[in-house]
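Below: one structure, written as structure tokens.
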Number of protein chains: 2
Amino acid sequence: MATGRTHRPATRSRGIPEATVARLPLYLRALTALSERSVPTVSSEELAAAAGVNSAKLRKDFSYLGSYGTRGVGYDVEYLVYQISRELGLTQDWPVVIVGIGNLGAALANYGGFASRGFRVAALIDADPAMTGKPVAGIPVQHADALEDIVRDNGVSIGVIATPAGAAQQVCDRLVGAGVTSILNFAPTMLTVPDGVDVRKVDLSIELQILAFHEQRKAGEDAAADSGMPAPAAVKGAAAAAAAMDEADPKGTDGEAPAVMPA
Amino acid sequence: MATGRTHRPATRSRGIPEATVARLPLYLRALTALSERSVPTVSSEELAAAAGVNSAKLRKDFSYLGSYGTRGVGYDVEYLVYQISRELGLTQDWPVVIVGIGNLGAALANYGGFASRGFRVAALIDADPAMTGKPVAGIPVQHADALEDIVRDNGVSIGVIATPAGAAQQVCDRLVGAGVTSILNFAPTMLTVPDGVDVRKVDLSIELQILAFHEQRKAGEDAAADSGMPAPAAVKGAAAAAAAMDEADPKGTDGEAPAVMPA
DNA sequence: ATGTCTTTGTGAACGTGTGCACAAAGATGG
DNA sequence: CCATCTTTGTGCACACGTTCACAAAGACAT
């Protein structure tokens, strides 16, 4: 998860649980939909259903933001949209840079949703000279050499890393060095950052593996005879067997995976 | 440590904590890297550092899988790679279909990492007739009409949804109807599925918003006077609201968003 | 063998998150 | 103004996850 938020004397009784913060965007999305349909108020029950959570949880979440509901009526949609937006910091403009304009980077750049929520793609950066100047999503790709200048000139504090795993840490270091304090990492690597810098990762491979785990469990409710590997065999004999079975990846495994998905 | 194991430790086959499952892919990645460097054994301390977790947590996680370490030495890398792979169900082949071949869908299809971990792209599906037959990542896109046949013919149990939000639920229903029991959802919508079907979501927008929250907190250590919206806005028309609310349909939730990222 | 040294596996304390259930707040109607 | 009805806000109990700290297991040297 994000880096420890450890000590924070709650400057203003502010102590919103991380789990709650993670759900606020969910509520915001549901509320925005209601707002577009001009629905004036909504009850915790209805909103909870729309967001896919428990209504008690939703009420408790909102209670951390203050008491914005009216008993017997519910919550004012517009007002709640505003409060959550403000709490999440979406009432201001967040310039973002995307580093690594491969398949995924390009897909992200093409996403129009950035602007709609206060995020603005300030620049696209790639290390490949062949990409430089080439427009992606209407924005010309800039060379990695200019990374620091771009970050500083635009006051960028959020960076998105969509490079191969091998380049991620280096890019991360440069971003942080230039002033970025929040990073969204799509590369299949663990990033090391100084204190005060937040990192969140989006890892398709991990998600698939988790699904496979549950899938296997569902399928193996009955046929459960263990097959395959010997036993907690001698710590040496096992090695060979495992080595043989796992190699399916011809080239570097994690070392330098393509730009899109980890492994 | 080379004794008893053929039994069915109900404790283990049924009780690996979700949080542990979510970390197994992380360990697996770190272990694979070690394996490639031919490192024979690794201590919990070293591996924990490589995976970015606490060593006690790692040991406890492994303890759910069984006792695969050797005190005073550490864990056998190859053996652990095998055990985790097996636990995650990666020793078998998982055919996967990707529905919605827009920017993101194409990026996912181009990712080579699927194959390296037991996942295989069985088919690409898109509703746009103009896409049909067009090869993406070497695989010809098939029309959505064939979805059910494709899923059944290939024994697909994992589906990836990369469509616009408006189409996600419908696609989901069809996938589930055809036999898919695990879904990875990239569309910015809450999917409703029957019992027994797992859904995991990857939502870029949410991640960015969470980062913005922390970013704002970091920046706003001082200046924090609220300025926009008035106060608990008018809450009239409550009755009318309640009435209108009743049709909080389960249908078109989020109108429709671009293929890549939610909002 | 015996002792020393390293590292695992885990009991227990602690912290965080979840959900129930209900009193209190406020709207609405007579 | 009082009764009734709806829905919030929250105290409480419980489940889950994390971390500490240490006894026991085993390797290794003598």
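So that the names make sense, note that chain A is the first sequence line, chain B the second, and so on, each numbered from 1. These figures come from a predicted structure and were not determined experimentally.
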**Request:** Classify the nucleic acid contact of A:F62 as base, sugar-phosphate or nothing, counting any heavy atom under 4.0 Å across all strands shown.
**Result:**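 Nothing, no heavy atom under 4.0 Å.
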**Request:** Would you mind classifying the nucleic acid contact of B:A56 as base, sugar-phosphate or nothing, using non-hydrogen atoms under 4.0 angstrom?
**Result:**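 Base contact.
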**Prompt:** Which heavy atom in A:V180 sits nearest to a heavy atom in A:I183, and how many Å separate them?
**Reply:**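 Looks like CG1-CG1, 3.9 Å.
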Given [options], the nucleotide with the shortest approach to the side chain of [X]:
| X | options | value |
| --- | --- | --- |
| A:R59 | C:dT8, C:dC22, D:dT19 | C:dC22 |
| B:K60 | D:dT18, D:dG9, C:dG26 | D:dT18 |
| A:R23 | C:dT18, C:dG9, C:dG17 | C:dT18 |
| B:R71 | D:dA25, C:dG19, D:dG17 | D:dA25 |
| A:V73 | C:dA27, C:dG9, C:dG17 | C:dA27 |

**Request:** Establish, from distance only, whether the side-chain atoms of B:Q209 and B:S205 form a donor-acceptor pair under 3.5 Å.
**Result:**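 Short answer, yes.
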Whole Å only: how far is the [atom1] atom of [X] from the [atom2] atom of [N]?
| X | N | atom1 | atom2 | result |
| --- | --- | --- | --- | --- |
| A:Y27 | D:dT8 | OH | P | 13 Å |
| A:D76 | D:dT8 | CG | P | 13 Å |
| A:L58 | C:dC20 | CG | P | 14 Å |
| B:D61 | D:dC16 | CG | P | 16 Å |
| B:E45 | D:dC20 | CD | P | 11 Å |
| B:L65 | C:dG9 | CG | P | 10 Å |

**Message:** Using side-chain heavy atoms (C-beta onward) and a distance below 4.5 Å, is A:I206 in contact with A:K201?
**Reply:** yes
**Request:** Please confirm whether B:Y68 and B:F62 have ring centers closer than 6.0 angstrom.
**Result:** no
Just N and O in the side chain of [X]: are any of them under 4.0 Å from OP1 or OP2 of [N]?
| X | N | result |
| --- | --- | --- |
| A:N54 | C:dC20 | yes |
| A:Y75 | D:dG9 | yes |
| B:Y64 | D:dG17 | no |
| A:S44 | D:dT8 | yes |

**Asked** DNA chain C: B:G72 or A:K57, which has the more 5' nearest nucleotide?
**Response** B:G72
**N/O donor-acceptor pair under 3.5 Å between B:S35 side chain and B:L31 backbone** = no
